[in-house]
Number of protein chains: 2
Amino acid sequence: MSSQTQENYLKCIYKISEKYAEGASTNAIAEGLETKPATVTDMLKKLAAQKLINYQKYQAVTLTPKGRKAALNIVRNHRLWEVFLVDKLKFSWNEVHDVAEQLEHIKSEELINRLDVFLGTPKFDPHGDPIPNKAGKIINNKATPLNESKVGLKLIVAGVSEHSTDFLAYLNEVNLTLGQKVVVKKVVAFDQSMQLIINKKDILFISHQVAKNILVVCQ
Amino acid sequence: MSSQTQENYLKCIYKISEKYAEGASTNAIAEGLETKPATVTDMLKKLAAQKLINYQKYQAVTLTPKGRKAALNIVRNHRLWEVFLVDKLKFSWNEVHDVAEQLEHIKSEELINRLDVFLGTPKFDPHGDPIPNKAGKIINNKATPLNESKVGLKLIVAGVSEHSTDFLAYLNEVNLTLGQKVVVKKVVAFDQSMQLIINKKDILFISHQVAKNILVVCQ
DNA sequence: ACTAAAATTTAGACAAGTCTAAAAATATAT
DNA sequence: ATATATTTTTAGACTTGTCTAAATTTTAGT
């Protein structure tokens with residue numbers, strides 16, 4: 001039985017491991033959880049003792065199958081609650097993260113399975129991230145960052161790789177929301193900023209920084 | 001900012017104070033929270049330091065206005081979540097307590113206000129208990145225990161004063177659910193057990209112990 | 001390869017919430 | 001009214017999760 005704190009560590013290690021195959025370093029985890037490296041080391045030992053992670057002194061850690069399952073369960077909870085908050089309670093996609101961070105730790109399998117059914121077993125959360133199923137199976141989201149797209153391709157916004165309120169609120173403002181049709185009109189070679197056509201008519205300039213964090217699929 | 005533990009103490013003191021006007025004793029709180037009296041004393045000092053309770057050594061404690069407001073907020077959360085679990089997720093009224101005990105501690109005013117609207121601002125939870133409003137105002141439930149009712153009166157089940165899963169599951173079994181029409185046909189003088197007529201036709205025997213914990217209003 | 005920088009771990013400490021055992025205060029019974 | 005029982009508090013200790021400061025290990029630069 002993992003505590004809330006331990007669940008947060010597992011989730012954090014999972015997220016880092018998605019990006020870096022070698023696993024999660026002490027520093028990266030400390031940054032992700034806004035805590036100190038020394039604190040992380042203490043916790044890594046406890047998680048290793050429960051066989052939730054593979055830990056060798058001074059090396060990046062990875063999740064064991066047991067740890068991965070626990071992490072995916074938290075991710076499932078988090079994303080289902082986000083769907084609930086947006087679809088049912090009419091929150092905007094940039095307002096739901098903090099509350100979902102709390103709700104994800106509610107312990108009841110029955111609750112989450114019923115919530116899943118109530119929501120119509122959604123496959124993606126409001127940010128386009130895939131929702132793991134009961135068994136911990138998760139769709140591999142093959143969307144690519146907008147900054148890697150070629151000029152002229154017809155694209156659809158399918159997700160984001162940055163979840164901060166500010167970023168999402170900005171996307172709302174400029175109408176770059178999930179499902180939006182986008183064509184890259186021009187890329188400025190100097191700073192890789194982009195000129196987009198949205199909804200076949202509106203023109204929008206975005207920075208490289210923004211383009212990098214928008215995920216798209218071909219239309 | 002109260003911790004989950006402190007919130008549970010406040011709720012417990014509130015519930016005891018509903019029954020005993022003089023307030024909550026250390027022992028009563030310890031029993032309610034399934035902890036030890038020594039632990040309770042420690043916490044009472046902390047709550048008093050935050051001006052959430054009135055505490056004098058060796059005396060029963062009462063909530064200050066600030067403490068009462070905090071307690072009613074938790075009660076509001078708990079009861080709204082119970083309505084959600086029963087109305088939306090189709091849980092039975094005897095399955096919701098434990099999960100609601102967790103959900104009640106989620107910290108977000110916006111969340112609970114939106115949930116309230118989503119549920120249609122219900123006035124009572126699935127056990128017939130009144131739901132405090134945003135401001136902490138709570139309807140005084142004037143339902144009376146079934147065992148105090150006279151023979152022949154036409155009654156409606158309006159609540160329960162015992163919330164254990166076993167008791168509620170039993171009521172389900174014998175069809176004594178919220179809103180059920182009941183007439184007291186006979187009271188056995190020896191043990192105060194009761195013979196009821198349910199739904200104008202079915203006959204049911206219940207013990208005094210059961211009757212005491214069912215709340216009714218006149219039809 | 002050797003040194004400086006960066007990352008990680010250890011050691012010792014603290015806060016919150018809990019416990020047991022013992023002491024002190026209050027309540028009860030005859 | 002006084003002894004006994006009950007309730008409450010105190011004292012000291014433990015666990016979880018956190019911190020700072022110092023030590024150690026790994027990595028990187030030249």
Side-chain angles (χ1 to χ4, degrees), chain A residues 1-13 15-17 19-63 67 70-71 74 101-102 104-105 107, chain B residues 1-13 15-17 19-63 67 70-71 74 101-102 104-105 107:
Chain A
M1 204 83 315
S2 289
S3 70
Q4 255 180 243
T5 310
Q6 293 194 1
E7 289 178 350
N8 283 333
Y9 273 86
L10 293 175
K11 190 176 62 156
C12 181
I13 293 166
K15 297 227 157 147
I16 295 169
S17 303
K19 272 199 183 174
Y20 304 99
E22 69 275 20
S25 72
T26 302
N27 262 359
I29 297 168
E31 195 189 350
L33 296 174
E34 292 179 53
T35 181
K36 304 291 165 179
T39 310
V40 173
T41 300
D42 289 343
M43 182 57 79
L44 294 183
K45 287 181 192 166
K46 288 172 195 163
L47 295 173
Q50 296 170 255
K51 305 222 188 294
L52 291 162
I53 61 170
N54 304 113
Y55 173 58
Q56 306 260 85
K57 265 194 194 182
Y58 296 103
Q59 280 182 216
V61 300
T62 54
L63 294 170
I74 302 301
E101 291 268 286
Q102 295 181 63
E104 72 189 8
H105 300 292
K107 271 157 201 65
Chain B
M1 202 82 321
S2 288
S3 69
Q4 251 177 246
T5 308
Q6 293 193 1
E7 288 178 350
N8 284 333
Y9 274 86
L10 293 175
K11 190 177 59 156
C12 182
I13 294 166
K15 296 227 159 149
I16 294 169
S17 302
K19 273 197 182 176
Y20 304 99
E22 70 274 20
S25 72
T26 303
N27 263 0
I29 297 167
E31 195 188 350
L33 295 174
E34 292 180 52
T35 183
K36 305 290 165 182
T39 310
V40 173
T41 301
D42 289 344
M43 182 56 80
L44 293 183
K45 288 181 194 165
K46 289 174 196 164
L47 294 174
Q50 294 171 257
K51 305 222 189 294
L52 291 162
I53 61 170
N54 304 114
Y55 173 57
Q56 305 262 86
K57 265 196 196 183
Y58 295 101
Q59 280 180 219
V61 300
T62 54
L63 294 170
I74 302 301
E101 291 269 284
Q102 294 181 63
E104 71 189 11
H105 300 291
K107 271 156 203 65

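- Rounded to whole Å, atom C1' of C/dA15 lies 13 Å from atom CD of B/Q50.
- If you check C/dA11, C/dT18, D/dT10 against the side chain of B/K57, the one that comes closest is D/dT10.
- Side chain of A/K46, nearest nucleotide from C/dT9, D/dT16, C/dT20: D/dT16.
- Considering only side-chain atoms of A/S3, the nucleotide from D/dT25, D/dT8, D/dG17 that sits closest is D/dG17.
- Using a cutoff of 4.0 Å between basic side-chain nitrogens and carboxylate oxygens, A/E31 and A/K36 are not scored as salt-bridged.
- For B/N27, the side-chain atoms get nearest to D/dT7 when compared with the rest of D/dT7, C/dT8, D/dT18.
- Taking every side-chain heavy atom of B/T26 into account, D/dT8 is the closest of C/dT9, D/dC19, D/dT8.
- If you check every strand for non-hydrogen atoms under 4.0 Å, B/Q6 touches sugar and phosphate atoms only.
- What separates CG of A/N8 from P of D/dT16 is a distance of 17 Å, to the nearest Å.
- Here the nucleotide nearest the side chain of B/A38, chosen from C/dA21, C/dT9, C/dT18, is C/dA21.
- Comparing C/dT20, D/dT26, D/dC19 by their closest approach to the side chain of B/K36 singles out C/dT20.
- The side chain of B/M43 sits closest to C/dG17 out of C/dC19, D/dT18, C/dG17.
- Of the candidates C/dT10, D/dT10, C/dT18, the closest approach to any side-chain atom of A/K45 belongs to C/dT10.
- Listed nucleotides: C/dT18, C/dA11, D/dT24. Nearest to the side chain of B/T5: C/dT18.
- Taking CG of B/L47 as the start and CD1 of B/I29 as the end, the distance is 8.5 Å to the nearest 0.5 Å.
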